[in-house]
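Below is one structure, written out as structure tokens, with a few remarks after it.
Proteins come first, then strands; the chains are lettered A, B, ... in the order of their sequence lines, and each starts at number 1.
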Number of protein chains: 2
Amino acid sequence: MQRKEFTIDCQLCIHLKDSLFNGLSPEDLSRINNHKTCIQYKKGQNIFYEGTRPTGLFCINGGKVKVFKNNVQGKEFILYIAKPGDFLGYRALLSEEFYCATATVLEDAKICFIQKENFFEVLQKNPVFMKKVVKQVCQQMGIMEERMAELAHKSVRERLAGSLLMLKETYGMEGEESVLLDIALSREDWASLVGTATETVIRLLSDFKADELISFEGKKIRVLDPKRLAKQADLIVA
Amino acid sequence: MQRKEFTIDCQLCIHLKDSLFNGLSPEDLSRINNHKTCIQYKKGQNIFYEGTRPTGLFCINGGKVKVFKNNVQGKEFILYIAKPGDFLGYRALLSEEFYCATATVLEDAKICFIQKENFFEVLQKNPVFMKKVVKQVCQQMGIMEERMAELAHKSVRERLAGSLLMLKETYGMEGEESVLLDIALSREDWASLVGTATETVIRLLSDFKADELISFEGKKIRVLDPKRLAKQADLIVA
DNA sequence: GGCGATTTATGACAAAAGTCATGTTTTGCC
DNA sequence: GGCAAAACATGACTTTTGTCATAAATCGCC
């Protein structure tokens, strides 16, 4: 696997404002900047593997990455889909554990790697940054708790509708009325995200299409009727 | 709802060694100690409610507490079962959000309440404590990710077997061969923990009993054969 | 100690979702 | 442009799980 490097200055990174590094002092940011390695990844390449020891932090500059767990039969479950500006792998770093998930590139990505020593140094020196990281982790945890409860008690149909709306928030490109999801997921990835079988996703997406809730646009999905989709996501009874 | 208070000195608390407060300097600990309120709760009482604003941190001195989310149809999903020494409600405190779950006493409890101002003060002054809190949150998150993947791809049978083994770790009272789970959960609570219907839990527990994997002892369950139960928890195929 | 309420248990059935087989379409690549 | 591989789609069928009804057991309380 060839390592194609690239160069970017953190200070000039367009994702800085969306990132946890936003607000860092110029010295701290340049400490990060001067010690990072930036690598280009192709679709399908892995960034880190479940069960290995983390050695640093990944910061996504471009592209999309899925973070997933593999079960014994090899079925994936997608924990997150990370976008530019997101940090990756800091959970395991802070809990001092091995990675409990694998990260794979969904769409060609540019990713910066920050050695854990540099990350920890800035973290320790900078209580405000620490506080932001903690806040982020705790927010993420709230999201997970919500998702877990849905996994426990919602039907696959409801969860799929919910996932469509969730991705709409992050990847939705507003048009008139409808919204194109600017992310190309295979049916298998959708299944891993929702926690179901590929065939089930295919059937349900076809249903949604037949009901004119969504339409297909190449490998992408257009959300035609978010409101009715939201009804599908909640409860048939409600 | 009557508030029965009680008194306990943090320095003398038998759970201090298991708690995140362990290792705090005498001054910091006495700051916590001097500003806390200790309340006795009866089974069924609520400690905090989903959707309300957290005002402090709960530290469990005795008893057992379930933390759960309620879905639209009123179905519960239990996120955690907290035991003496555990902190409660700090996630929402650190993410500066409303509680996203409700906490209810499962077995009569003694709980200390620490105003958020005092908690944050100690947190800010004490980077080592902060680091421990962060580590704890991140570990918890790893556990949640694991559980979420199981929820997505394991059968109810596997998850129930897994929950029995999980509670065995915390509440197991070792005997010869078998282990009594020292926690009295209703079938409904088991269902909320596993993420299924009450009837399904009843049937599966009966199955496990018929297979001599477990036995019933009053309201408690005795694990007779952890190894075979572990096989049930993993994969029928494996 | 008995009575009503709650919890546990069981059966019958329906609905949801998974699996397997097979076919079709799309994609990547030489 | 053609071919193999991968992705997508559909049908048939099975299994799992949820729901509803009802009965039995247990608990709390006067």
**Prompt:** Quick check: does any side chain N or O of B/Thr196 sit under 3.5 Å from a backbone N or O of B/Ala191, one acting as donor and the other as acceptor?
**Reply:** no
**Item:** Residue whose nearest DNA chain D nucleotide is more 5′ - B/Arg159 or A/Ile202
**Value:** A/Ile202
**Message:** Expressed as a whole number of angstroms, how long is the span from A/Arg187:CZ to C/dA17:C1'?
**Reply:** 18 Å
**Message:** Expressed as a whole number of angstroms, how long is the span from B/Trp190:CH2 to C/dT7:C1'?
**Reply:** 16 Å
**Request:** Using atom NZ of A/Lys154 as one end and atom P of D/dG18 as the other, report the distance to the nearest whole Å.
**Result:** 16 Å
**Request:** Specify the separation, in whole Å, of atom CG of A/Leu185 and atom C1' of D/dA6.
**Result:** 17 Å
**Prompt:** Could you give all pairs that pass the side-chain hydrogen bond (donor to acceptor under 3.5 Å, both in side chains) test and reach residues 160-172 of chain B, with sequence neighbours left out?
**Reply:** none
**Item:** Minimum-distance pair of heavy atoms, taken over all atoms of B/Glu97 and B/Ser95
**Value:** OE1-OG, 2.7 Å
**Request:** Ignoring backbone atoms, test whether B/Arg157 places a side-chain nitrogen or oxygen under 4.0 Å from the OP1 or OP2 oxygen of D/dT16.
**Result:** no
**Request:** Without swapping roles, check the side chain of B/Arg159 against the backbone of B/Gly195 for a donor-acceptor pair under 3.5 Å.
**Result:** yes
**Request:** Measure from CG on B/Asp207 to P on C/dG11 and round the result to the nearest Å.
**Result:** 12 Å
**Asked** Considering heavy-atom distances to DNA chain D, does B/Gly195 or B/Lys43 have its closest nucleotide positioned more toward the 5' end?
**Response** B/Gly195
**Message:** Within the 4.0 Å limit for protein heavy atoms, which parts of nucleotides 19-30 of chain C are touched? Write it as a string from 5' to 3', B for base, S for sugar-phosphate only, - for none.
**Reply:** BB----------
**Fill in**
A/Phe208 atom CZ is separated from D/dA9 atom P, nearest whole Å, by 14 Å
**Prompt:** Which angle, rounded to 10°, do you find between the first-five-pair axis and the last-five-pair axis of the helix from C/dG1-D/dC30 to C/dC30-D/dG1?
**Reply:** 50°
**Item:** Residue among B/Tyr41, B/Phe58, B/Phe6 satisfying ring-ring contact (aromatic ring centres under 6.0 Å, His included) with B/Phe113
**Value:** B/Phe58
**Asked** So, A/Asn61 side chain and A/Ile111 main chain: donor-acceptor pair closer than 3.5 Å or not?
**Response** no
**Prompt:** Within the structure, does a side-chain N or O atom of B/Ser206 lie under 4.0 Å from either OP1 or OP2 of C/dT10?
**Reply:** yes
**Asked** Is it the case that A/Arg91 places NZ or CZ above or below the six-membered ring of A/Phe48, under 6.0 angstrom from the centre and within 45 degrees of the axis?
**Response** no
**Message:** Given C/dG18, C/dA16, C/dT8, identify the nucleotide with an atom nearest to the side chain of A/Thr196.
**Reply:** C/dG18
**Request:** Check every strand shown and say whether A/Thr198 touches a base, only sugar-phosphate, or nothing at a heavy-atom separation below 4.0 Å.
**Result:** nothing
**Message:** With ring-ring contact (aromatic ring centres under 6.0 Å, His included) as the criterion, how do A/Phe77 and A/Phe68 come out once you've worked through the C-alpha distance, each side chain's angles and the decisive distance to 0.1 Å?
**Reply:** CA-CA 5 Å; A/Phe77 178 73; A/Phe68 62 94; over 10 Å; no
**Request:** Run through B/Lys42, B/Lys64, B/Lys43 and flag the one making a salt bridge (Lys or Arg N to Asp or Glu O under 4.0 Å) with B/Asp108.
**Result:** B/Lys42
**Asked** Between A/Leu204 (CG) and C/dG18 (C1'), how many Å, whole number?
**Response** 12 Å
**Prompt:** Could you give the CZ-to-P distance, from B/Phe216 to C/dT8, as a whole number of Å?
**Reply:** 10 Å
